Amino acid sequence: WPWPPPGCCGLPAPPPTSRSPLSPRAFSTVLKDLKYADTHEWVKVEGDSATVGITDHAQHHLGDVVYVELPEVGSSVSQGKNFGAVESVKATSDIYSPVSGEVVAVNDGLGDEPGLVNTSPYESGWIIKVKVSDSGELNSLMDDAKYSKFCEEEDSKH
C-alpha cells in the first residue's frame, strides 16, 4: 500500500494515471500523401500503380467488418464506380474505385481476416492494387486536409 495514503497529511492526491479506455475517439486517422474520395476510399499512388482501401473514418462508421467482396484480378475498375463491398455487423457498403484502371492484385488476406480493414485500414487492410489508366483523375480527389474537413462536416450533419 502507498505510504502516506493519498490525501493524507495535507498532500494532494496523485493525478489519475490514464484516461478511461472507453473514451470515444474524437477524430479518425487521415494520412498525408494519400488521396481521398468523397465515398471514403483512399488511394496511394506509386508510379502507375495505385493501392486502394477504405479510410479509417469509413471503417469506424461501419463497425466490425466480417466480409470483404473483392473483384477478380484482371478486371477493370472505373473512377466512381463500385467494384466490391464491405460487410460489417451493422451494414453492407459498396466500395467505389477512386481511380480507373486494371486490377493487378487483390488482398487475399481479407478472406481469412476481414477485420484487418478495421485494425489496419491504411496498411494490412488494403483492398486492391490497380494499374492506373488515367493519372489525371487524381486531381479530382481530396488531399488529407480537405478530407479531414469533409469528414468533420459530414459528422456534424448526423
Side-chain angles (χ1 to χ4, degrees), residues 19-158:
R19 290 177 36 182
S20 162
L22 301 176
S23 62
R25 260 182 4 185
F27 296 105
S28 299
T29 303
V30 176
L31 299 184
K32 290 187 185 309
D33 304 324
L34 300 182
K35 293 287 196 171
Y36 298 89
D38 61 5
T39 47
H40 302 288
E41 291 83 17
W42 59 264
V43 60
K44 179 179 186 178
V45 178
E46 294 164 303
D48 66 350
S49 175
T51 304
V52 175
I54 67 167
T55 65
D56 187 41
H57 181 87
Q59 72 78 22
H60 183 67
H61 282 277
L62 278 169
D64 293 336
V65 172
V66 294
Y67 177 74
V68 181
E69 179 188 315
L70 299 167
E72 297 287 322
V73 171
S75 62
S76 293
V77 292
S78 299
Q79 185 179 50
K81 305 283 189 224
N82 82 318
F83 65 80
V86 177
E87 191 175 317
S88 75
V89 293
K90 292 183 188 176
T92 299
S93 182
D94 286 337
I95 313 168
Y96 297 90
S97 185
V99 292
S100 298
E102 179 188 343
V103 177
V104 294
V106 298
N107 188 348
D108 291 322
L110 298 177
D112 294 328
E113 285 188 82
L116 289 171
V117 170
N118 295 115
T119 57
S120 182
Y122 299 115
E123 298 291 334
S124 307
W126 64 274
I127 296 173
I128 61 170
K129 293 185 191 255
V130 176
K131 183 173 191 217
V132 178
S133 60
D134 181 1
S135 60
E137 289 179 337
L138 297 167
N139 297 328
S140 66
L141 301 173
M142 292 178 267
D143 64 13
D144 56 304
K146 281 186 182 155
Y147 181 68
S148 291
K149 187 169 174 42
F150 176 79
C151 291
E152 286 173 36
E153 289 170 358
E154 188 174 78
D155 283 350
S156 70
K157 293 176 190 168
H158 294 293

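All values reported here derive from a predicted model rather than from experimental measurement.
- Not counting sequence neighbours, Y96 has no partner by the ring pair (Phe, Tyr, Trp, His ring centres under 6.0 Å) test.
- Heavy atoms of other residues, nucleotides or ligands lying less than 6.0 angstrom from CD of E123 number 12 at most.
- Heavy atoms only, all atoms of each residue included: S140 and Q79 are closest at OG-NE2, 3.2 Å.
- For V73, the side chain to side chain contact (heavy atoms under 4.5 Å, CB included) criterion is met by V106, not counting sequence neighbours.
- For the ring-ring contact (aromatic ring centres under 6.0 Å, His included) condition, the pairs that include at least one residue of residues 28-50, sequence neighbours left out, are Y36-Y147, H40-H57, H40-Y147, H40-F150, W42-Y122.
- Residues that satisfy the side-chain hydrogen bond (donor to acceptor under 3.5 Å, both in side chains) test with S97, not counting sequence neighbours, are absent from this structure.
- In this structure, S93 has no side-chain hydrogen bond (donor to acceptor under 3.5 Å, both in side chains) partners at least two apart in sequence or on a different chain.
- Note: D155 CG to H61 NE2 = 4.0 Å, rounded to the nearest 0.5 Å.
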Could you list the donor-acceptor pairs under 3.5 angstrom formed by side chains in residues 128-136, with sequence neighbours left out?
{"unit_1": "K129", "atom_1": "NZ", "unit_2": "T51", "atom_2": "OG1", "d": "3.4"}
{"unit_1": "S133", "atom_1": "OG", "unit_2": "S100", "atom_2": "O", "d": "3.2"}
{"unit_1": "D134", "atom_1": "OD1", "unit_2": "G136", "atom_2": "N", "d": "3.0"}

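- With sequence neighbours excluded, no residue forms a side-chain hydrogen bond (donor to acceptor under 3.5 Å, both in side chains) with N107.
- The line from CG of D144 to OG1 of T55 is 13.0 Å long, rounded to the nearest 0.5 Å.
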If you look only at distance, which donor and acceptor atoms sit under 3.5 Å apart when one is on a side chain in residues 113-120 and the other is two or more places apart or in another chain?
{"unit_1": "N118", "atom_1": "OD1", "unit_2": "V65", "atom_2": "N", "d": "2.8"}
{"unit_1": "N118", "atom_1": "ND2", "unit_2": "Q59", "atom_2": "OE1", "d": "2.8"}
{"unit_1": "N118", "atom_1": "ND2", "unit_2": "G63", "atom_2": "O", "d": "2.9"}
{"unit_1": "T119", "atom_1": "OG1", "unit_2": "G115", "atom_2": "O", "d": "3.4"}
{"unit_1": "S120", "atom_1": "OG", "unit_2": "S124", "atom_2": "N", "d": "2.9"}

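- For the side-chain contact (heavy atoms from CB on, under 4.5 Å) with I95, the qualifying choice from L70, N82, I54 is I54, the only one to do so.
- With sequence neighbours excluded, the residues forming a salt bridge (charged side-chain N to carboxylate O under 4.0 Å, His left out) with K149 are E153, listed by chain and number.
- Using a distance-only test at 3.5 Å, with no hydrogens or angles considered, no donor-acceptor pair links the side chain of S49 to the main chain of E46.
- By the side-chain hydrogen bond (donor to acceptor under 3.5 Å, both in side chains) test, T39 pairs with E41, sequence neighbours left out.
- Partners of D94 by salt bridge (charged side-chain N to carboxylate O under 4.0 Å, His left out), not counting sequence neighbours: none found.
- For F83, the ring pair (Phe, Tyr, Trp, His ring centres under 6.0 Å) criterion is met by no residue, not counting sequence neighbours.
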